[in-house]
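Only one structure is covered here, and it is reproduced in the block below.
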Amino acid sequence: MTPHAPLLEVRGIAKQYPGVRALDGVDFDVTAGEVHCLLGPNGAGKSTLIKCVSGVVAPTEGEILVDGEPLPAGEPSESLARGVATIYQELDLVEDLTVAESVFLGHEPRRAGLLNRELMREETTALLERLDHGDIPPDAHVRSLRSAAQQVVSIARALSHDVRLLIMDEPSAILDGQEIEVLFGVVRRLAADGVGVIYISHRLDEIRRIGDRVTVLVDGRTVATGLPADTPPGELVLRMVGRRVEQLFPERVVPGDDVVLSVRNLSRSPDVRESSFDVHAGEVLGIGGLIGAGRSELLRLIYGLDQPDGGEVWVDGKRLAAGRTSAAINAGMGLAPEDRKSQGLLLGWSLTRNVSLADLGQFVRGPLLNRRAEREAAAVQLRALDTKPDDPDRIARELSGGNQQKVVLARWLMRRCRVLLLDEPTRGVDVGAKQEIYRLIVELAKTGIAVVMVSSETEELLGLSSRILVMREGSVVAELDAAKTDEVELLGHAVAHTETPPLLEETS
């Protein structure tokens, strides 16, 4: 790539919160037309850094320059006016608005004081065509779009502000393999147009495929910057976690003979169709398939979050009342949901309250709750998972995504489950934390817990599971021995008889 003067320069950025130094001297730069990848373990300060660059947070020390001129600290509107836009992992689109309304939300074009909807549609179409996705209808409602198309709309929204630097936080986290290719095509077109991109991801294979240079953060500091994107993964891991992860996956557990969980003909139209399987004590059963195949919906039915049309769920030989989470919990079942922020945590509560939520009864003393015992028990589980910080009084929203996931797991570790349902357990988690969670899953299985794990990462399914069920269009279409299969066979079952997914979800 031809050398350019930096579009963005970050010099000595530090951010101090009460008792915590989230950033402690960060330096890196981004040139126009470059995809600069930002790596680091959970808690490294990536989220705080992008909030500083986008103007949401004012740094305590240091400076940020765009085109050599200082960026006003803590002024999001100023950052946006200078062409800096951010797309967060949890997309901030309003599902009930149209695509055009979402793209121009907050800066709608007007004529004679009224919304100029015709101009909105025309300019939205032009932005989508720039991204090679002119087939997304500007009048379609956001909720009717697939995840990849929603991601494209979010990028178009950023481009509507004449963006010059686009920050993308874990943009592939909610996408399947085909949709990631769509995303990469959009990123490459933006870079070709001269837009600088900061791309944050924990997936090292993505870094090699989409990036130009890499910066690594650890404990709020820059430990490496300007590394080529084809730097060997082992070296990047060493920079991030201070050690080489030679064996990412622990040795598989040999399942026992006893059936702990039995699912029979479980159905809910149109998402899940007559699914049946058993899970043995000490088994890690993986569930694979494309996004939309019905994997998460199946876990919700097993856990009683949704009322099935038919079928049965049995735990330790006892049939559970359908559609009742209390029955599942009382039978010893726990669920770590896919969306930990909205479904798995109470973000404004302390870690203690989040961890003890499913088992408050053990801390009741007469009419009162023994807060001290509750706090001490939560602290034990948080330390066991190496949660950072492990202070049981911290508020859940203050933790990084990976550490929030550990809090959800700690809840069920305290509960001593018989069955643990894990939906994308390592989504948004760095490679060092992944290894810890994998170790934990295996250790739980060794105690006789039956683990059911939904994952979009084929490597994860193959490395942890004893068996893998593959779902397609709501049905279990294959059962594979994880030790004797490979990614090609797994994906072959997942995509058989399908084409590239449409941008609009199918509607009944």
Side-chain angles (χ1 to χ4, degrees), residues 8 10 15 22-23 30 35-40 42-59 64 71 74-80 82-95 97 99 102-107 131 142-143 145-161 163-175 179-180 182-184 186-187 190 195-203 206 210 215 217 338-345 347-348 396-405 424 427-430:
L8 171 76
V10 175
K15 179 60 182 178
L23 298 175
V30 182
V35 180
H36 195 119
C37 298
L38 195 60
L39 291 178
N42 294 111
K46 302 186 298 296
S47 295
T48 303
L49 175 60
I50 64 175
K51 288 176 182 176
C52 288
V53 175
S54 60
V56 175
V57 169
I64 301 171
L71 198 63
E75 295 288 342
S77 60
E78 289 295 325
S79 293
L80 197 56
R82 298 282 294 277
V84 179
T86 303
I87 300 175
Y88 294 97
Q89 183 174 345
E90 289 82 18
L91 298 180
D92 55 353
L93 298 175
V94 181
E95 291 189 338
L97 294 182
V99 169
S102 297
V103 168
F104 284 96
L105 183 63
H107 63 114
L131 299 174
V142 169
R143 70 168 62 255
L145 304 179
R146 298 182 65 90
S147 297
Q150 290 186 11
Q151 191 78 264
V152 171
V153 172
S154 191
I155 295 172
R157 179 178 173 184
L159 294 180
S160 71
H161 293 279
V163 67
R164 300 187 59 225
L165 176 70
L166 183 62
I167 304 171
M168 308 182 77
D169 187 8
E170 294 284 353
S172 66
I174 59 173
L175 308 180
E179 292 175 328
I180 289 173
V182 172
L183 171 68
F184 283 180
V186 170
V187 172
L190 291 174
V195 175
V197 178
I198 297 177
Y199 190 98
I200 301 171
S201 177
H202 289 303
R203 299 178 176 179
E206 290 185 7
I210 198 63
T215 289
L217 300 185
E338 178 181 12
D339 189 342
R340 54 180 171 263
K341 288 184 182 294
S342 66
Q343 300 172 6
L345 293 168
L347 295 176
R397 70 161 49 90
E398 297 175 357
L399 273 63
S400 65
N403 285 296
Q404 287 177 346
Q405 186 73 296
E424 304 287 1
R427 172 165 289 171
V429 173
D430 68 83

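Values in this document were obtained by computation on a predicted structure and should not be read as measured data. Sequence positions, counted from 1, serve as the residue numbers for this chain.
Side-chain atoms of E206 and Y199 form a donor-acceptor pair, as typed in the model, at a separation below 3.5 Å.
Using a 4.5 Å heavy-atom threshold, the side chains of L8 and I64 count as touching. With a 4.5 Å cut-off on side-chain heavy atoms, Q150 and V142 count as touching. A heavy-atom distance below 4.5 Å is found between the side chains of I200 and I50. Counting heavy atoms from C-beta on, the side chains of S102 and R157 never come closer than 4.5 Å. Under the 4.5 Å side-chain criterion, counting only non-hydrogen atoms from C-beta, V195 is not in contact with R164. Side-chain contact between V30 and V10 is absent, with no heavy atoms from C-beta onward closer than 4.5 Å. Residues Y88 and S54 form a side-chain contact, since some pair of their non-hydrogen atoms from C-beta on lies under 4.5 Å apart. Within the 4.5 Å cutoff, side-chain heavy atoms of V187 are placed close to those of V35.
K46 contributes atom NZ, which lies 14.0 Å from atom CD1 of I167 (distance to the nearest 0.5 angstrom). Expressed to the nearest 0.5 Å, how far OG of S201 lies from CG of D169 amounts to 9.5 Å. L23 contributes atom CG, which lies 5.0 Å from atom OG1 of T48 (distance to the nearest 0.5 angstrom). Atom-to-atom distance recorded for I198:CD1 and C37:SG is 10.5 Å, nearest 0.5 angstrom. Between the OG atom of S154 and the CE atom of M168 there is a distance of 8.0 Å, given to the nearest 0.5 Å. Distance check: L399 CG to L347 CG gives 10.0 Å after rounding to the nearest 0.5 Å.
Partners of V186 under the side chain to side chain contact (heavy atoms under 4.5 Å, CB included) rule, at least two apart in sequence or in another chain, are L131, H133, V152, I155, R189, L190. In this structure S79 satisfies the side chain to side chain contact (heavy atoms under 4.5 Å, CB included) test together with L71, V84, sequence neighbours excluded. With sequence neighbours left out, the side-chain hydrogen bond (donor to acceptor under 3.5 Å, both in side chains) criterion links T215 to H36, T225. A search for side chain to side chain contact (heavy atoms under 4.5 Å, CB included) contacts involving S160 returns V103, F104, H107, L127, not counting sequence neighbours. Scored by the side chain to side chain contact (heavy atoms under 4.5 Å, CB included) test, L80 finds A85, H161 as partners (sequence neighbours excluded). E78 pairs by the side-chain hydrogen bond (donor to acceptor under 3.5 Å, both in side chains) definition with nothing, not counting sequence neighbours.
Distance alone, capped at 3.5 Å, places no donor-acceptor pair between the Q404 side chain and the L345 backbone.
Counting non-hydrogen atoms of neighbouring residues, nucleotides and ligands closer than 6.0 angstrom, the NZ atom of K51 reaches no more than 12 such neighbours.
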- Message: Between I87 and L166, does the side chain to side chain contact (heavy atoms under 4.5 Å, CB included) criterion hold? Intermediate values first, please.
- Response: CA-CA 8 Å; I87 300 175; L166 183 62; 3.9 Å; yes
